[in-house]
There are 2 protein chains.
Amino acid sequence: MISCLLVEDQTLVRLGLANLLNLSDEIVVDGQAQHGVEALQQLEHRDFDVVLLDMRMPELDGLGVLTALQKRTCLAPKVLIITTFEDCDVLVEAMALGAKGYVLKSIELEELIDAIKLVVAGGKVLQPALTDYLLQKQIAPQVILTAKELQVLKCLSLGMANKSIAHALSNSEGTIRNHVSNILAKLEVKDRTQAVLKAISNGLV
Amino acid sequence: MISCLLVEDQTLVRLGLANLLNLSDEIVVDGQAQHGVEALQQLEHRDFDVVLLDMRMPELDGLGVLTALQKRTCLAPKVLIITTFEDCDVLVEAMALGAKGYVLKSIELEELIDAIKLVVAGGKVLQPALTDYLLQKQIAPQVILTAKELQVLKCLSLGMANKSIAHALSNSEGTIRNHVSNILAKLEVKDRTQAVLKAISNGLV
DNA sequence: CAAAAACAGTGACAGATGTCATAGGTAAAA
DNA sequence: TTTTACCTATGACATCTGTCACTGTTTTTG
């Protein structure tokens with residue numbers, strides 16, 4: 001039997017999933033936590049073969065738990081992220097922090113059980129969406145803005161005019177115009193509005 | 001026994017919740033659907049006392065189901081929305097489309113069962129978050145854009161210049177300028193970039 | 001019907017925006 | 001040390017943007 005700690009803030013989802021997994025004869029959910037803090041408390045008391053970890057949680061989120069686990073010198077449990085997709089960057093971070101893989105909540109029950117077994121056996125589980133995303137990230141020529149440009153871009157994203165930005169950053173308006181011009185060129189857009197849209201959708205701000 | 005159709009796209013959540021509800025001796029989930037289209041198919045074949053409806057789904061979402069149900073002249077089932085919060089506006093729309101209430105997925109199981117019974121009995125279930133939001137909305141002077149203005153605003157949100165918009169909507173550039181000017185006045189902002197930011201954050205586009 | 005909105009258009013204007021060439025100072029990397 | 005990149009700045013320029021006043025037409029509404 002694989003012992004499993006389930007960390008998920010939505011009560012219905014947590015109870016339901018625990019029930020489902022317990023119905024199988026290979027996995028037993030013998031620990032539950034509503035959020036990161038509770039999860040760490042449980043992990044202090046006893047060990048689990050695997051931790052099923054939600055990302056979005058109150059108090060302490062998935063990344064927080066992973067960070068805390070990484071600091072533990074003793075044997076760390078395998079962590080399988082269970083997420084609703086959405087935020088690829090967070091998943092990348094999670095993998096970097098030692099997660100053994102992730103599955104979407106849209107996964108079928110059997111696949112989930114297989115994934116858990118795979119992770120416990122020392123494997124990694126990555127669904128296609130993330131690998132695609134990583135590839136795309138690598139292919140897309142990384143936009144490198146200087147510190148100042150990023151500062152100006154943030155101002156743009158607040159809807160500030162060149163004059164306001166100049167005043168806020170203690171520069172001449174002409175300087176700001178130059179920065180804006182460079183930003184537009186780097187982002188390959190034609191005006192500040194497009195720059196803001198691109199910045200938002202790419203998480204640059 | 002209250003018969004219940006559960007509409008939820010995430011398999012794990014759906015199966016788990018169905019299991020939980022079936023453990024109670026008052027509610028039986030005797031219909032499941034992965035998305036709106038499946039839900040409507042099920043509803044054609046037979047009746048349920050209540051429909052537990054997720055909002056975000058592929059194919060046909062919660063609002064789509066409600067819209068379709070509203071067109072049915074015969075007796076419509078009570079609908080209880082189950083959501084992850086987030087989008088208040090959608091909830092408002094859902095209520096306007098005849099939903100009997102909504103609960104967050106973070107609800108406790110007992111509360112959910114109570115809510116279902118309440119809805120079946122003809123009541124309405126509204127959690128505090130939404131009522132607060134509605135109040136706030138009413139306090140904030142409602143921005144009323146005309147159809148044309150909304151069309152122009154959408155173009156603005158795509159980063160289009162006046163000339164492009166004029167071409168796209170088959171108007172003179174001057175006309176578009178006037179529309180933009182009116183939009184800025186109504187949104188109480190100073191330029192198109194701020195308008196786009198406000199539009200995005202308020203879900204106007 | 002009559003009043004009120006919404007829609008389309010023009011022309012003129014001030015100011016904002018973005019580009020370009022040019023150039024000095026500074027700090028980090030080769 | 002030399003080079004490179006970054007930050008700063010200016011002036012000139014073309015273009016874009018937003019405002020205003022005024023004129024119509026069409027559609028909605030009381």
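Every chain is numbered from 1 and lettered A, B, ... according to where its sequence line falls, protein lines coming before strand lines. Both backbone and side-chain heavy atoms feed into the values below; hydrogens, waters and symmetry mates do not.
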Distance below 4.0 Å between A:K163 side-chain N/O and C:dA16 OP1 or OP2: yes
Salt bridge check, A:K105 against A:E8: does any charged N sit closer than 4.0 Å to a carboxylate O? yes
Rounded off to whole Å, could you give me the CD1-to-P distance for the B:I183 and C:dA6 pair? 13 Å
Whether A:Q194 side chain and A:K190 backbone form a donor-acceptor pair below 3.5 Å: yes
Distance check needed: D:dT8 C1' versus A:E149 CD, whole Å only. 13 Å
When you get a sec, tell me which of C:dA6, C:dG18, D:dT17 is the closest nucleotide to the side chain of B:T146? C:dA6
Tell me which nucleotide among D:dT10, C:dT17, D:dT19 gets nearest to the side chain of B:L184. D:dT19
In whole angstroms, the gap separating C1' of D:dC7 from CG of A:L150 amounts to 15 Å
Of the listed nucleotides C:dG18, D:dT8, C:dT10, the one nearest the side chain of A:N162: C:dG18
Carefully, step by step, assess B:V103 and B:L112 under the rule side chain to side chain contact (heavy atoms under 4.5 Å, CB included). CA-CA 7 Å; B:V103 295; B:L112 173 61; 3.9 Å; yes
Closest-nucleotide ordering on DNA chain C, the 5'-leading residue of B:D191 and B:H179: B:H179
Option passing side-chain contact (heavy atoms from CB on, under 4.5 Å) with B:R192 (candidates B:L197, B:V152, B:L156): B:L156
From D:dT8, C:dC7, C:dG9, nucleotide with atom closest to B:S172 side chain: C:dG9
Would you check, one step at a time, whether the test side chain to side chain contact (heavy atoms under 4.5 Å, CB included) holds for B:I82 with B:I107? CA-CA 9 Å; B:I82 300 199; B:I107 196 177; over 6 Å; no
Gap between atoms CD1 and C1', on A:I176 and D:dC6 respectively (whole Å): 14 Å
Rounded to whole Å, please give me the gap between CD1 in A:I165 and C1' in D:dC7. 16 Å
Residue pair A:R14, A:D54: steps toward the salt bridge (Lys or Arg N to Asp or Glu O under 4.0 Å) verdict: CA-CA 10 Å; A:R14 189 179 65 253; A:D54 190 21; over 6 Å; no
Looking only at non-hydrogen atoms, find the nearest pair between B:A168 and B:M160 and report the distance. CB-CE, 3.8 Å
Which atom names give the shortest non-hydrogen contact between B:I183 and B:L153, and what distance separates them? CD1-N, 3.9 Å
Taking the side chain of B:A147 as its heavy atoms from C-beta onward, which of C:dC7, C:dA8, D:dT17 lies nearest to it? C:dC7
Which comes earlier along DNA chain D counting from the 5' end, the contact point of A:N182 or that of A:R177, where each point is its nearest nucleotide? A:N182
Length of the line joining B:L169:CG and C:dA6:P, which is rounded to integer Å: 18 Å
Between atom CG in B:L156 and atom P in D:dC16, what is the gap in whole Å? 16 Å
N/O-N/O pairs, protein side and nucleotides 20-27 of chain C side, under 3.5 Å:
from	atom 1	to	atom 2	distance (Å)
C:dC20	N4	A:N178	OD1	3.3

Would you indicate which nucleotide in D:dG18, D:dT17, C:dT17 comes nearest to any side-chain atom of B:V180? D:dG18
Quick one: A:E173 CD to D:dT8 P, roughly how many Å, whole number? 15 Å
Of the options D:dT17, D:dA9, D:dC7, whose atoms approach the side-chain atoms of A:K148 most closely? D:dC7
